[in-house]
Amino acid sequence: MTTTVAQHTPVLPTDANSSDATSTPAAKAAPERHNLLGMSREQMEDFFLSIGEKKFRAAQLMKWIHQEGSDDFAAMTNLSKPLREKLARVAEIRGPAVIYEGTSSDGTRKWVLEVEDGSYVETVLIPAENGKRRTLCVSSQVGCSLDCSFCSTGKQGFQRNLTAAEIIGQVWVAQRSVGPRRDTANRPVTNVVMMGMGEPLLNFDNVVPAMKLMLDDNGYGLSKRRVTLSTSGVVPMIDKLGDEMDVSLAISLHASTDELRNELVPINRKYNIRALLDACHRYLAKCPDNRQVTIEYTLIKDINDQQEHAEQLAALLKELPCKINLIPFNPFPNSGYEKPSRNQVMRFQQWLYDQGYNATVRTTRGEDIDAACGQLVGRVKDRTKRSARYIQSVQLDAD
Ligand code: SAH
Ligand code: SF4
């Protein structure tokens with residue numbers, strides 16, 4: 001099946017001579033306005049200074065954008081009319097276009113978003129604990145260069161990094177669809193996991209400002225324990241992340257020997273398991289509070305789901321403050337791998353338990369709307385199925 005990619009409709013300037021220019025070359029040639037959506041507080045302060053305005057405007061704008069979900073300067077009534085008009089001339093608040101939105105019978109919501117170049121990214125909001133927790137699974141890249149052998153994103157290859165606006169735009173869309181965040185006790189998004197498409201640490205310069213907006217009091221105001229970055233193990237960037245911020249860290253381990261991990265997660269050939277676990281220790285040492293790393297372990301039939309693997313895994317993790325999250329492999333066409341039986345998953349969990357680990361196993365949710373990052377895009381673009389793993393892995397037990 002092939003699908004025509006919808007044309008992205010730019011947000012138009014509100015001033016004259018552009019009213020008929022929806023997607024004409026003339027509109028594209030117009031001077032580019034600054035998209036405020038992905039700007040961190042510092043960047044937005046610099047922007048206001050650069051247009052001859054006071055720094056404190058940044059906090060006002062951030063509240064309008066991220067808490068009220070506004071993209072319309074005219075509605076920002078605590079700004080003077082001349083300032084609103086000036087902003088409309090030089091700036092814009094441009095989020096991704098919503099191509100598809102669906103809600104499953106269990107309340108899981110999914111959006112397929114079109115970003116600048118016509119690529120699609122997906123984001124999924126998963127409610128838990130009677131709706132008290134709502135976890136958003138966010139993508140960081142279109143495709144991925146790391147080519148893990150069991151991952152359909154890897155099979156698509158790498159297309160490009162998402163911009164900070166496109167990353168935070170996923171949170172913005174989810175938040176907007178639920179309503180303004182005036183009532184902090186009832187936030188539309190309570191947790192974010194960077195577990196959508198892509199390797200977030202290979203898009204550090206855009207992922208970090210976006211995560212800062214998630215934490216900022218004038219942004220989404222999430223606690224650092226409720227924002228989780230998942231990585232396949234880009235060791236130097238784990239260190240760099242630890243120097244910048246202390247969000248929760250999830251590691252895609254999936255194997256307990258270098259020999260097997262080299263096959264499943266090829267970046268292991270560059271940064272092996274020891275180097276990765278050492279980086280986890282260094283990261284935790286920089287966190288001021290008592291923190292654990294989440295170890296993600298995708299169980300693949302007859303590959304890494306035997307008793308010896310569980311025992312090796314337990315031995316490997318002995319020194320690391322961590323919790324283990326088991327994710328049954330989510331099959332996709334021509335992957336060459338199979339999902340283990342339910343019984344095998346339970347046996348693996350028991351073997352870990354025998355070694356002193358209370359590992360969690362994630363169950364699929366939102367299936368009636370294919371609710372997961374990757375699946376619908378998979379259908380229209382590369383016909384692969386990636387739903388279960390996201391749904392299974394997003395519910396990390398961040399507090
Ligand atoms: N690139 C990052 C984050 C995105 S992947 C990373 O690799 O950590 C999110 C999680 O889903 C990772 O743990 C990844 O290994 C796992 N995953 C990928 N493909 C999967 C599949 N087909 N079945 C189950 N889990 C999968
Ligand atoms: Fe990339 Fe993560 Fe998939 Fe590996 S598992 S190919 S790092 S998205």
Side-chain angles (χ1 to χ4, degrees), residues 121-124 126 135-159 161-162 167 170 192-204 207 211 227-235 237-238 241 247-255 260-271 276 279-280 293-301 303-305 324-340 345 360-364 372-375 377-378 382 384-396:
V121 294
E122 299 179 34
T123 192
V124 180
I126 300 148
T135 302
L136 192 72
C137 176
V138 167
S139 297
S140 57
Q141 299 181 312
V142 184
C144 182
S145 61
L146 293 184
D147 201 21
C148 299
S149 61
F150 57 93
C151 172
S152 66
T153 305
K155 300 288 160 227
Q156 292 173 39
F158 173 70
Q159 286 157 57
N161 282 330
L162 294 179
I167 297 167
Q170 297 166 60
V192 174
V193 289
M194 298 298 303
M195 289 186 187
M197 299 169 82
E199 168 50 55
L201 289 185
L202 290 183
N203 186 14
F204 192 89
V207 164
M211 289 197 305
V227 174
T228 301
L229 181 140
S230 172
T231 179
S232 57
V234 192
V235 164
M237 303 312 279
I238 294 175
L241 180 70
V247 291
S248 294
L249 186 65
I251 298 292
S252 296
L253 193 62
H254 310 312
L260 180 56
R261 195 164 191 268
N262 284 345
E263 292 308 310
L264 298 178
V265 187
I267 197 173
N268 195 70
R269 295 177 203 155
K270 200 160 178 190
Y271 308 111
L276 179 54
C280 292
V293 167
T294 298
I295 298 294
E296 295 164 274
Y297 193 96
T298 295
L299 280 167
I300 310 174
K301 186 179 177 195
I303 302 286
N304 64 357
D305 65 345
I324 304 173
N325 188 211
L326 299 174
I327 314 167
F329 171 65
N330 183 43
F332 56 91
N334 306 318
S335 71
Y337 293 125
E338 286 174 61
K339 189 180 175 137
V345 173
T360 48
V361 180
R362 297 307 171 194
T363 48
T364 305
C373 308
Q375 187 166 23
V377 165
D382 74 351
T384 56
K385 181 172 185 274
R386 305 171 68 239
S387 71
R389 73 176 177 89
Y390 286 100
I391 300 302
Q392 286 160 346
S393 57
V394 287
Q395 287 195 61
L396 296 171

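In each ligand, atom 1 is the first atom listed, and ligand 1 is the first ligand listed.
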| task | Have a look at ligand 2 and work out which part of D147, if any, has a heavy atom under 4.0 Å from it: side chain, backbone, both or neither. | result | backbone

| query | Looking only at distance, does G198 have an N or O less than 3.5 Å from an N or O of ligand 1? | reply | yes

| query | For K270, what residues pass the salt bridge (charged side-chain N to carboxylate O under 4.0 Å, His left out) criterion, not counting sequence neighbours? | reply | none

| field | For K155 against C148, the heavy-atom pair lying closest together | value | NZ-O, 4.0 Å

| said: So if I count the atoms of ligand 1 from 1 in the order they appear, which ones are less than 4.0 Å from some heavy atom of C151? | reply: 18 (C), 19 (N)

| request: Run the numbers for me: atoms of ligand 2, each under 4.0 Å from some heavy atom of G154, listed by number. | output: 6 (S)

| task | Mark up the atoms of ligand 1 that fall under 4.0 Å of a heavy atom belonging to G196, in ascending order. | result | 4 (C)

| query | Under 3.5 Å, is there a donor-acceptor pair between the side chain of Q170 and the main chain of S139? | reply | yes

| said: I'd like to know if the side chain of S252 reaches the main chain of S232, judged simply by a donor and an acceptor atom lying under 3.5 Å from each other, with no hydrogens or angles considered. | reply: no

| Is there a side-chain contact between V138 and I167 (heavy atoms, below 4.5 Å)? | yes

| request: Using the test side chain to side chain donor-acceptor pair (under 3.5 Å), find all partners of N203 that sit at least two apart in sequence or belong to another chain. | output: N206

| field | V193 side chain reached by C137 side chain, heavy atoms, under 4.5 Å | value | yes

| Of all the atoms in C151, is at least one N, O or S atom closer to atom 3 (Fe) of ligand 2 than 2.8 Å? | yes

| request: Would you kindly say whether E199 and T231 are connected by a side-chain donor-acceptor distance under 3.5 Å? | output: yes

| field | Donor-acceptor under 3.5 Å (N304 side chain, T298 main chain) | value | yes

| task | Using a strict cut-off of 4.0 Å, indicate which atoms of ligand 2 neighbour a heavy atom of S232. | result | 7 (S)

| Element-labelled atoms of ligand 1 that are located less than 4.0 Å from some non-hydrogen atom of E296 | 10 (C), 12 (C), 13 (O)

| ligand 1 to S252 polar contact by distance, N or O atoms, under 3.5 Å | yes

| query | Which of the atoms in ligand 1, numbered in the order shown and given with their element, are less than 4.0 Å from a heavy-atom of S232? | reply | 6 (C), 7 (O), 8 (O)

| message | Please work out, at 4.0 Å between heavy atoms, whether the side chain, the backbone, both, or neither of T231 comes within that distance of ligand 1. | response | backbone

| Which bit of N330 is near ligand 1, meaning a heavy atom under 4.0 Å away: side chain, backbone, both or neither? | both

| said: Less than 4.0 Å is my threshold; does some heavy atom of H254 fall inside it relative to ligand 1? | reply: yes

| task | May I ask you to check if any N/O/S atom from C144 comes under 2.8 Å of atom 1 (Fe) of ligand 2? | result | yes

